[in-house]
Amino acid sequence: MQKKMLNINGNLISEVEHKLIKGKDGEIKVANFTIFRKMKDEKNKEKTKEYINCNIYGEKAELTKGFEKGDFIHVYGYYKEIKKEDKTYKNFIVKHANKKDKTKYEENTKNMEEN
């Protein structure tokens, strides 16, 4: 099954948690963090809020070393659902992440909407 790859922008709501976990081939670096974003509905009236739990594994976890609470960041990856007992957990598996300048991003988005 092909994974649907997505680009998401949002603000980091807390510090990034770095740790080592045990994997099949030994210990793996992992960075866990949550981003927040507001989205407009189809009619551009009501905004919805979304909190996205993100995980980035291996050497790519180093990309998050300079991230701080409140930073506007861009992540690229896919959603993964895990079912445990009668609960479903949804995490975003990050393949790439970087900081963005929120002011420049908003200006570019506004210019694209006007054209």
Side-chain angles (χ1 to χ4, degrees):
M1 185 174 113
Q2 184 102 9
K3 296 175 181 122
K4 183 177 178 183
M5 302 300 281
L6 302 168
N7 288 294
I8 298 174
N9 296 302
N11 289 91
L12 196 60
I13 64 166
S14 61
E15 297 299 321
V16 177
E17 179 185 356
H18 291 93
K19 58 184 174 181
L20 293 173
I21 60 171
K22 291 190 180 196
K24 297 175 194 172
D25 301 324
E27 290 187 329
I28 299 170
K29 294 178 186 178
V30 64
N32 300 315
F33 55 95
T34 302
I35 60 174
F36 170 80
R37 69 176 177 169
K38 288 182 188 176
M39 300 176 302
K40 293 181 182 178
D41 66 7
E42 298 84 35
K43 298 174 185 172
N44 282 332
K45 291 185 178 181
E46 195 171 322
K47 290 186 179 182
T48 58
K49 298 175 184 179
E50 183 177 26
Y51 292 87
I52 303 165
N53 295 318
C54 300
N55 308 100
I56 186 167
Y57 296 94
E59 295 302 316
K60 294 192 179 207
E62 296 294 320
L63 295 171
T64 64
K65 284 285 187 186
F67 289 5
E68 296 178 0
K69 180 179 178 178
D71 284 347
F72 185 69
I73 61 171
H74 168 82
V75 292
Y76 174 75
Y78 61 93
Y79 280 105
K80 180 178 181 181
E81 285 188 3
I82 299 170
K83 296 183 188 238
K84 287 187 179 179
E85 298 170 11
D86 57 343
K87 293 185 180 181
T88 301
Y89 300 90
K90 189 174 176 182
N91 285 334
F92 192 77
I93 307 302
V94 178
K95 294 297 182 184
H96 186 74
N98 61 313
K99 281 189 205 181
K100 291 279 195 185
D101 182 329
K102 188 172 185 175
T103 307
K104 286 182 182 177
Y105 171 78
E106 288 174 344
E107 286 175 8
N108 289 340
T109 304
K110 184 178 178 183
N111 290 338
M112 287 185 340
E113 288 174 356
E114 290 174 355
N115 292 328

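Position 1 is the first residue of the sequence, and the numbers go up from there.
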How would you list, by chain and number, every residue that makes a side-chain contact (heavy atoms from CB on, under 4.5 Å) with [X], sequence neighbours excluded?
{"X": "Lys84", "answer": "Ile82, Tyr89"}
{"X": "Lys90", "answer": "Tyr79, Glu81"}
{"X": "Lys38", "answer": "Phe36, Lys47, Lys49"}

(message) Minimum heavy-atom separation for Ala31 and Val16, please, with both atom names.
(response)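 What the structure gives for the nearest pair is CB-CG1, 3.8 Å.
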(request) Would you mind listing every side-chain hydrogen bond (donor to acceptor under 3.5 Å, both in side chains) that reaches into residues 57-76, with sequence neighbours excluded? (result)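 Of all non-adjacent pairs touching residues 57-76, those that pass side-chain hydrogen bond (donor to acceptor under 3.5 Å, both in side chains) are Asn7-His74, Asn9-His74, His18-Thr64, Lys29-Glu62, Asp71-Lys99.
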Could you tell me the separation between the [atom1] atom of [X] and the [atom2] atom of [Y], rounded to the nearest 0.5 Å?
{"X": "Lys80", "Y": "Asn91", "atom1": "NZ", "atom2": "CG", "result": "8.5 Å"}
{"X": "Asn55", "Y": "Ile93", "atom1": "CG", "atom2": "CD1", "result": "4.5 Å"}
{"X": "Lys19", "Y": "Glu27", "atom1": "NZ", "atom2": "CD", "result": "12.5 Å"}

(message) Which residues pass the ring-ring contact (aromatic ring centres under 6.0 Å, His included) test with Phe67, not counting sequence neighbours?
(response)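 By the ring-ring contact (aromatic ring centres under 6.0 Å, His included) rule, Phe67 matches no residue at all.
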(request) Could you state whether Leu63 and Leu6 fall into the same hydrophobic cluster, counting links through intermediate Ile, Leu, Val, Met, Phe, Trp or Tyr residues with side-chain heavy atoms under 4.5 angstrom apart? (result)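 Yes, it is one cluster - the side chains of Leu63 and Leu6 are joined through contacts under 4.5 Å.
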(message) Restricting to side-chain hydrogen bond (donor to acceptor under 3.5 Å, both in side chains), what partner residues turn up for Ser14, sequence neighbours left out?
(response)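 Ser14 satisfies side-chain hydrogen bond (donor to acceptor under 3.5 Å, both in side chains) with no other residue.
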State, yes or no, whether a side-chain contact exists between [X] and [Y] at a heavy-atom distance under 4.5 Å.
{"X": "Ile52", "Y": "Thr34", "answer": "no"}
{"X": "Phe92", "Y": "Val75", "answer": "yes"}
{"X": "Tyr78", "Y": "Lys95", "answer": "yes"}
{"X": "Ile8", "Y": "Ile35", "answer": "yes"}

(message) Donor-acceptor pair, distance only, cut-off 3.5 Å: does the side chain of Asn11 make one with the backbone of Gly70?
(response)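 Checking the backbone N and O of Gly70 against the side chain of Asn11, a donor-acceptor pair under 3.5 Å is found.
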(request) Kindly confirm or rule out a cation-pi arrangement of Lys100 over Phe72, judged by NZ or CZ under 6.0 Å from the six-membered ring centre and within 45° of its axis? (result)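 No, Lys100 does not sit over the ring of Phe72.
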